[in-house]
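So the structure is just underneath, and the comments pick up after that.
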Amino acid sequence: MNNFGIDIWSDNNFIIKGDTVCINSLSKPSLFDITKTIRKRDVRGPIILRFPHLIKKQIEKLYTTFNYAIEENSYRGNFQAVFPLKVNQFPHVVAAVTKEGFSHSYGLEAGSKAELILAMSKAPKNTNITVNGFKDKEMITLAFIAAQSGHNITVTIEGLGELKTIIAVAKESNLQTPNIGIRVRLHSTGSGTWAKSAGMDAKFGLTATEILEALRLLKEANLLKHFTMIHFHIGSQMDDIAPIKRALREAGNIYAELKMLGADALCNINIGGGLAVPYEQHNDAKLHNYSLEEFSSSVVFLLGEIMNAKGVSHPNIFTESGRFIVASHALLITPVLELFTQDYQEELLNLKEQNPPLVTELTELYKQLNTKNCIEYLHDALDHIESLLTLFDLGYIDLQDRSNAEILVHNIIKKSLKLTSHIHSNELKQLQVNLQERYLINASIFQSLPDYWGLKQHFPVMPLHHLSKKPLRGASIWDITCDSDGEIGFNPEKPLYLHDVDLEKEEYFLGFFNVGAYQETLGMEHNLFTHPNEYTVILNETSYEIVNEEESKSVIEILNAIGYKSDEVVNKLKSDLKKSDFITPKEKSDTLSKLDTLLQQNGYLRTTS
Ligand SMILES: Cc1ncc(COP(=O)(O)O)c(C=O)c1O
């Protein structure tokens with residue numbers, strides 16, 4: 001996997017050019033150069049880069065592909081879409097989504113009060129707002145206010161109680177009633193990690209009996225004219241198209257039945273989200289089994305077929321796929337702070353006049369290592385180190401001997417991996433697995449890749465440069481939290497190999513790709529690490545521009561955000577220092593200003609010590 005599977009996950013958004021990975025635009029800027037430019041601003045922690053052109057690309061692709069399928073199938077409904085805010089509510093993402101989606105009337109979906117208020121403030125008036133999730137009277141009143149303010153808003157009810165509240169609010173106020181949608185509970189279930197959203201025991205949606213009761217209640221309250229949509233969502237990141245087709249058949253028939261029962265205003269079927277994103281980077285890994293073309297033509301064809309069979313006019317098709325729209329737009333870049341074995345440098349070898357025989361033997365092995373003998377010598381070295389460690393435990397060799405033995409063995413390993421890089425053998429592969437290097441990254445997996453921490457969701461990862469050299473070290477990645485969960489272990493099924501770099505001489509950065517969906521607000525502040533610095537990269541024909549710098553919270557802001565009074569904290573620290581003895585007034589005032597600087601910095605590491 002020399003190219004880190006870039007042709008599997010990058011959809012041509014990024015390419016390898018020479019030594020570095022570049023944005024696949026006209027000017028092909030390298031991510032390494034962009035990172036170095038940002039680090040000149042004294043940025044040392046992880047960074048998030050946003051690429052609005054990739055949001056635009058996905059929106060265009062979604063509309064073009066569905067509209068093509070509509071034309072091909074002579075379908076008579078239209079295609080509309082909304083972006084589910086839960087996928088990424090960050091301001092520069094919502095700004096890009098609404099800007100790039102404007103010409104398509106791309107709307108927003110909200111699943112909570114805060115998201116609804118965000119949607120009301122950001123959705124252009126030519127677009128739709130849909131509201132899902134559980135709602136109370138206040139949230140429903142907010143939807144009435146949105147309708148009154150001129151938004152084209154549809155409130156999807158998750159249960160009959162919500163419908164009764166809508167009816168009550170409509171009776172009590174003169175505000176405009178929003179459109180009403182019904183989330184239907186399908187017996188068809190989804191597939192993949194996030195497939196718990198449908199099925200008879202799902203958390204959401206109305207059963208057949210409840211749908212009929214809803215229809216009766218709507219008729220009785222004279223609100224049938226507002227009932228415009230049915231909705232379902234069978235799960236995110238659907239890896240198989242078969243369950244989607246089953247769900248469409250079921251929902252399509254519910255739609256047609258409702259039309260025949262007199263739901264005259266009903267004109268939309270909302271198929272929720274589910275479009276999958278390529279997160280894998282290994283050739284034999286399981287990928288989703290459909291393309292957007294197959295997905296859209298299946299939706300359009302099946303709905304057309306059901307409606308034709310039942311003599312019902314074709315509904316407009318809504319989608320709420322958000323992962324598909326924004327996953328690719330964000331990239332997490334983390335500096336590597338340390339390779340755990342980099343301390344075993346040859347210069348630190350301090351051999352005695354008289355060394356234990358096994359240390360002398362290791363020295364000879366190291367000197368004589370060549371392509372022919374290296375596998376045999378590597379075996380010997382691994383055997384010797386076992387014996388030497390036992391001798392140390394029994395008190396027969398001292399700490400200097402042990403240090404010399406460890407340095408020699410690590411250097412034998414490194415040299416052997418280099419000498420054998422051209423050989424493909426299972427044994428060598430196994431040795432690479434056993435002799436992994438640990439790469440310490442200046443980032444928190446809890447904060448920046450929470451789906452890896454919680455669900456073992458893999459994200460494509462690669463170094464930003466050195467790409468013309470073969471990476472030889474089996475790598476596990478450790479973050480800077482004090483937690484053993486903060487690790488992406490080496491997985492022999494999906495191995496990651498990185499370069500052996502000397503971090504004293506050069507910097508090494510890892511990029512985690514396709515992290516634009518869900519990770520940012522799901523990310524948690526474990527150990528009080530917060531959202532990294534972020535930057536938007538705008539491309540032009542000849543170059544790029546870095547805009548919208550948003551800095552990570554300072555350590556004092558972090559404490560403030562969880563309820564501490566920052567003034568009290570700062571005053572306590574300063575008064576303790578002022579009261580301290582044994583330093584001169586000048587040293588005191590210098591230390592106080594140093595403290596001020598430290599409190600204004602973010603929590604990520606600036607250097608390794
Ligand atoms: C109702 C609803 N619509 C849309 C989505 C977004 O789906 P996706 O993650 O496929 O973008 C979700 C996510 O779970 C959802 O629950």
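We count ligands from 1, going down the list as the structure has it; atoms in each ligand are counted the same way. All values below come from the heavy atoms of this structure, side chains included, with hydrogens, waters and symmetry mates left out. Given the structure is predicted, the values throughout are model-derived calculations rather than measurements.
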Taking the six-membered ring for Trp, is the centroid-to-centroid distance between Phe318 and His231 below 6.0 Å?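 Phe318 vs His231: aromatic centres not under 6.0 Å.
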Tell me whether the centres of the aromatic rings in Trp9 and Phe513 are closer together than 6.0 Å.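 Yes: the rings meet the under 6.0 Å criterion.
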Please work out, at 4.0 Å between heavy atoms, whether the side chain, the backbone, both, or neither of [X] comes within that distance of ligand 1.
X	value
His231	side chain
Tyr518	side chain
Pro84	side chain

Angle class for the Phe66/Phe295 ring planes (parallel below 30°, perpendicular above 60°, tilted otherwise)?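 Rings of Phe66 and Phe295: perpendicular, as their planes differ by over 60°.
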For the pair Trp453 and Phe446, name the ring-plane relationship: parallel under 30°, tilted 30 to 60°, perpendicular over 60°. tilted
Any sub-3.5 Å donor-acceptor pair from Lys259's side-chain atoms to Leu266's backbone N or O?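 Between the backbone of Leu266 and the side chain of Lys259 there is a qualifying donor-acceptor contact (under 3.5 Å).
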Regarding Lys456 and the six-membered ring of Tyr452, is the cationic atom NZ or CZ under 6.0 Å from the ring centre and inside 45° of its axis?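 The answer is yes, since Lys456 meets both limits relative to Tyr452.
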How long is the straight-line distance from CZ of Phe79 back to OG1 of Thr319, given to the nearest 0.5 Å? 3.5 Å
Hey, is ligand 1 close enough to [X] that some N/O pair sits below 3.5 Å?
X	value
His233	yes
Gly322	yes
Gly274	yes
Asn132	no

Which residue from Gln237, Glu320, Arg323, Arg183 reaches closest to atom 6 (C) of ligand 1 through any of its heavy atoms?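 Nearest heavy atom to atom 6 (C) of ligand 1 lies in Glu320.
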Note: ligand 1 atoms sitting under 4.0 Å from heavy atoms of Gly273 are 4 (C), 7 (O), 10 (O)
Can you list the atoms of ligand 1 that are under 4.0 Å from a heavy atom of Ser321?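 Near Ser321, meaning under 4.0 Å from one of its heavy atoms, ligand 1 has 11 (O).
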